[in-house]
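Have a look at the structure below, then the notes.
Starting from 1, each residue takes its place in the sequence as its number.
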Amino acid sequence: MQVETRMRLKSNPNLYRYLRENSYWYKYLNRSPLSIKALEQEMKEKYRLQPKDRIENIAKSVNMIRSFLEIMK
């Protein structure tokens, strides 16, 4: 694996953890360092780190606060 790829993995704890959990990615990264983008995309989908997931989490939090405030009335 190339040095740049290793440094990128070590700098992102979520990416490194996902790689450890799904070791088949080592083979792809050794063959083609450009596949790190696909690894990042798959990791974001699995850990729900995409923008749409963040918006969904914020909406759930707002709804929970709204219901809590209605109960407190």
Please name the residue in the list T5, V3, L9 that meets the side-chain contact (heavy atoms from CB on, under 4.5 Å) test with M7.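 For M7, the side-chain contact (heavy atoms from CB on, under 4.5 Å) check succeeds only for V3.
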side-chain contact (heavy atoms from CB on, under 4.5 Å) involving F68 - partner list, sequence neighbours excluded: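 Testing F68 for side-chain contact (heavy atoms from CB on, under 4.5 Å), a comparison that skips the adjacent residues, returns M72.
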Using side-chain contact (heavy atoms from CB on, under 4.5 Å) as the criterion, list what pairs up with N30, not counting sequence neighbours.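 For N30, the residues satisfying side-chain contact (heavy atoms from CB on, under 4.5 Å) (neighbours in sequence not counted) are M1.
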Are [X] and [Y] packed together at the side-chain level, in the sense that at least one heavy-atom pair is separated by less than 4.5 angstrom?
{"X": "E40", "Y": "Y18", "result": "no"}
{"X": "E56", "Y": "R48", "result": "yes"}
{"X": "L39", "Y": "Y28", "result": "no"}

Look at the side-chain heavy atoms of Ile, Leu, Val, Met, Phe, Trp and Tyr, link any pair under 4.5 Å apart, and say whether I58 and L49 land in one connected group.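 In one cluster: no.
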Nearest 0.5 Å, please: how far is [atom2] in [Y] from [atom1] in [X]?
{"X": "M43", "Y": "K46", "atom1": "CE", "atom2": "NZ", "answer": "11.5 Å"}
{"X": "W25", "Y": "I36", "atom1": "CH2", "atom2": "CD1", "answer": "9.5 Å"}
{"X": "S32", "Y": "Q2", "atom1": "OG", "atom2": "CD", "answer": "9.0 Å"}
{"X": "K10", "Y": "L19", "atom1": "NZ", "atom2": "CG", "answer": "9.5 Å"}

Should we count CZ of R17 as having more than 12 external heavy atoms under 6.0 Å?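 Yes.
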For Y16, does the six-membered ring have the charged nitrogen or CZ of R8 within the cation-pi criterion, i.e. under 6.0 angstrom from the centroid and within 45° of the normal?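 Here R8 fails the 6.0 Å and 45° test against Y16.
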Distance-only donor-acceptor check, side chains N57 and R54, under 3.5 Å: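 The criterion, which ignores hydrogens and geometry beyond distance, is not satisfied for R54 and N57.
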Any donor-acceptor pair under 3.5 Å linking the side chain of N12 with the backbone of N14?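 Yes, the answer is positive, given that a donor and an acceptor are paired below the 3.5 Å cut-off.
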